[in-house]
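What follows is one structure encoded as structure tokens, with my remarks underneath.
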Number of protein chains: 2
Amino acid sequence: MSARTTQHEYTIKEAAALTGLPASTLRYYESIGVIAPISRGASSGHRLYGEDDLDQVMWVACLAATGMSVSDMKRYVANGQVGPSAAREQIELLEERRRRLTDEAQQLVLRQRYVALKIDYWHAVDAGDEARAELLSGEARVLADELRRA
Amino acid sequence: MSARTTQHEYTIKEAAALTGLPASTLRYYESIGVIAPISRGASSGHRLYGEDDLDQVMWVACLAATGMSVSDMKRYVANGQVGPSAAREQIELLEERRRRLTDEAQQLVLRQRYVALKIDYWHAVDAGDEARAELLSGEARVLADELRRA
DNA sequence: TTAGGAACTTCAAGTACTTGAAGTCAAAGG
DNA sequence: CCTTTGACTTCAAGTACTTGAAGTTCCTAA
């Protein structure tokens, strides 16, 4: 590393704002070892986040956003510090994430169709169109049947 | 109510898929009284969700999705009953839910791209392709920013 | 310099699910 | 008919925060 002399330091509140994680979660992640211990102010004992700390927290925030569990994040971050030797495990972890995201996407499409159907249904009920409401109810049933086959 | 003779019934798995709430959450909500007790199969004891039950669960799912606490949902459902009289309010909530699902879908696509990029990155590292790893690392950073702002 | 308030600290308890264990039930294949 | 497979059941324990209490420190302004 080169010119780190001008390393700015941030309070927990600033770090929270910059990474999008609540301050309470930052403390929690540190307490269980998902992120490394943050240095403290000499007199205050308050946490002081450096640029490097912020990078790490942002990385963890990304993993959390993809739905990775805390224990997996812990392992992933630990491996990231080890280096290229952990590439295989990184890939395995990420492949698993990808599979889960694909499943999620399929579920999401189904849900979008169901909600759209329900909106039409309540419009029909509101308009007193009993026949159309019944029809749309049937379509919801078809959607459920499709689900059984999938 | 009129032609409710053709009322279709759904398993907890189907109800979960259609409403977007996990089966475990459906049971949990029922156990704490957020949703009414669901009728059971005569011999099996398994829950059987009717169309009306599904409407109620969908309603509760909408409330939950907007961040309402469980205790508030309980009070809300207990006081203001759910029915055709509330069609307009149902539609409003479902429209909001549709918007959120659209956002979720967009977010999901970004996450898929992010994870795919990270997989490529680690493959590059594993293959010792420094240049490609560096390139992909930069791309991931751009995408991470997009992910956070979305 | 001293008072007040905002922001920080730890620790314990609460919330809202989520998962695992152990067992029941029902349709499909031999 | 019997076994296997898979979805369901309850209940207890675990997870991932989140909130609240009680106390300390920082900052501003009189």
Side-chain angles (χ1 to χ4, degrees), chain A residues 8-35 37-50 53-54 57 59-77 96-97 100 103-104 107 144-150, chain B residues 9-50 53-54 57 60-77:
Chain A
H8 191 255
E9 304 215 297
Y10 304 84
T11 66
I12 195 168
K13 198 185 182 184
E14 288 165 342
L18 291 170
T19 61
L21 293 174
S24 58
T25 302
L26 256 33
R27 279 189 284 261
Y28 170 65
Y29 277 1
E30 188 183 340
S31 75
I32 61 172
V34 164
I35 55 177
I38 303 299
S39 62
R40 305 303 185 97
S43 57
S44 68
H46 295 184
R47 287 170 181 80
L48 289 173
Y49 293 78
D53 295 326
L54 239 48
V57 173
W59 173 232
V60 167
C62 286
L63 294 180
T66 65
M68 188 178 281
S69 75
V70 167
S71 52
D72 279 352
M73 281 194 281
K74 219 159 136 180
R75 274 177 60 209
Y76 193 93
V77 169
E96 170 61 23
R97 287 274 87 236
R100 290 193 63 174
D103 291 349
E104 244 179 85
Q107 290 285 302
D145 286 347
E146 245 176 84
L147 186 67
R148 270 203 76 74
R149 277 144 188 78
Chain B
E9 304 215 297
Y10 303 85
T11 65
I12 195 169
K13 198 185 182 187
E14 289 165 342
L18 291 172
T19 61
L21 292 174
S24 58
T25 301
L26 255 34
R27 280 189 283 262
Y28 170 65
Y29 277 2
E30 189 183 340
S31 75
I32 62 173
V34 164
I35 56 177
I38 303 300
S39 62
R40 305 304 185 96
S43 56
S44 67
H46 295 183
R47 287 171 181 80
L48 288 174
Y49 293 77
D53 294 326
L54 239 48
V57 173
V60 168
C62 287
L63 295 180
T66 61
M68 188 179 281
S69 76
V70 166
S71 52
D72 281 351
M73 281 194 282
K74 211 160 141 181
R75 208 167 318 149
Y76 194 96
V77 170

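All chains are named by letter (A, B, ...) in the order of the sequence lines, taking the proteins before the strands, and each is independently numbered beginning at 1. In this text the structure is predicted, and so the values were computed from the model without any measurement.
Between the side chain of A:Glu30 and the backbone N or O of A:Arg27, no donor-acceptor pair lies under 3.5 Å.
The CD1-P distance, from A:Ile38 to C:dC8, rounds to 14 Å in whole Å. C:dA16 atom P lies 14 Å from atom CG of B:Leu63, rounded to whole Å. Atom pair A:Tyr28:OH and D:dC17:P shows a separation of 6 Å (rounding to whole Å applied). With rounding to whole Å, A:Lys74 atom NZ is found 10 Å from D:dA16 atom P. If you take NZ of B:Lys13 and C1' of D:dC8, they are 11 Å apart, rounded to a whole angstrom. Regarding A:Ile12, its CD1 atom lies at a distance of 14 Å from the C1' atom of D:dT18, rounded to whole Å. When rounded to the nearest whole Å, the span between CG of A:Asp72 and C1' of D:dT15 equals 13 Å. If you measure from atom CD of B:Glu30 to atom C1' of D:dT10, you get 12 Å, rounded to the nearest angstrom.
Nearest to the side-chain atoms of A:Ser24 among the listed nucleotides D:dT18, D:dC8, C:dC17 stands D:dT18. Looking at the side chain of A:Ser44, the nearest of the listed nucleotides D:dT25, D:dC8, D:dT18 is D:dT25. Out of D:dC26, D:dT18, C:dA16, the shortest distance to the side chain of A:Ser43 is found at D:dC26.
Checking the phosphate oxygens (OP1, OP2) of D:dT25, no side-chain nitrogen or oxygen of A:Arg40 falls inside 4.0 Å. Contact annotation: B:Arg27 side-chain N/O to D:dT9 OP1/OP2 distance is under 4.0 Å. One finds a side-chain N or O of A:Thr11 lying less than 4.0 angstrom from the OP1 or OP2 phosphate oxygen of C:dC8. Contact between the side-chain N/O atoms of A:Arg47 and the OP1/OP2 oxygens of C:dT10 is found at a separation under 4.0 Å. Here A:Tyr29 reaches the OP1 or OP2 of D:dC17: one of its side-chain N or O atoms lies under 4.0 Å away. For the OP1/OP2 pair of C:dT18 and a distance below 4.0 Å, the side-chain nitrogens and oxygens of B:Thr25 include at least one atom meeting the criterion.
Between A:Tyr28 and A:Val34, every side-chain heavy-atom pair lies at or beyond the 4.5 Å cut-off.
Closest heavy-atom contact between A:Arg47 and A:Ile38: CB-CG2, 4.0 Å. Nearest heavy-atom pair, B:Asp53 versus B:Leu48, reported as atom, atom and distance to 0.1 Å: OD2-O, 3.8 Å.
Across all strands shown, B:Ser69 has heavy atoms under 4.0 Å from sugar-phosphate atoms exclusively, and none from any base.
Atom CD1 of A:Ile32 and atom CD1 of A:Ile35 lie 9.0 Å apart (nearest 0.5 Å).
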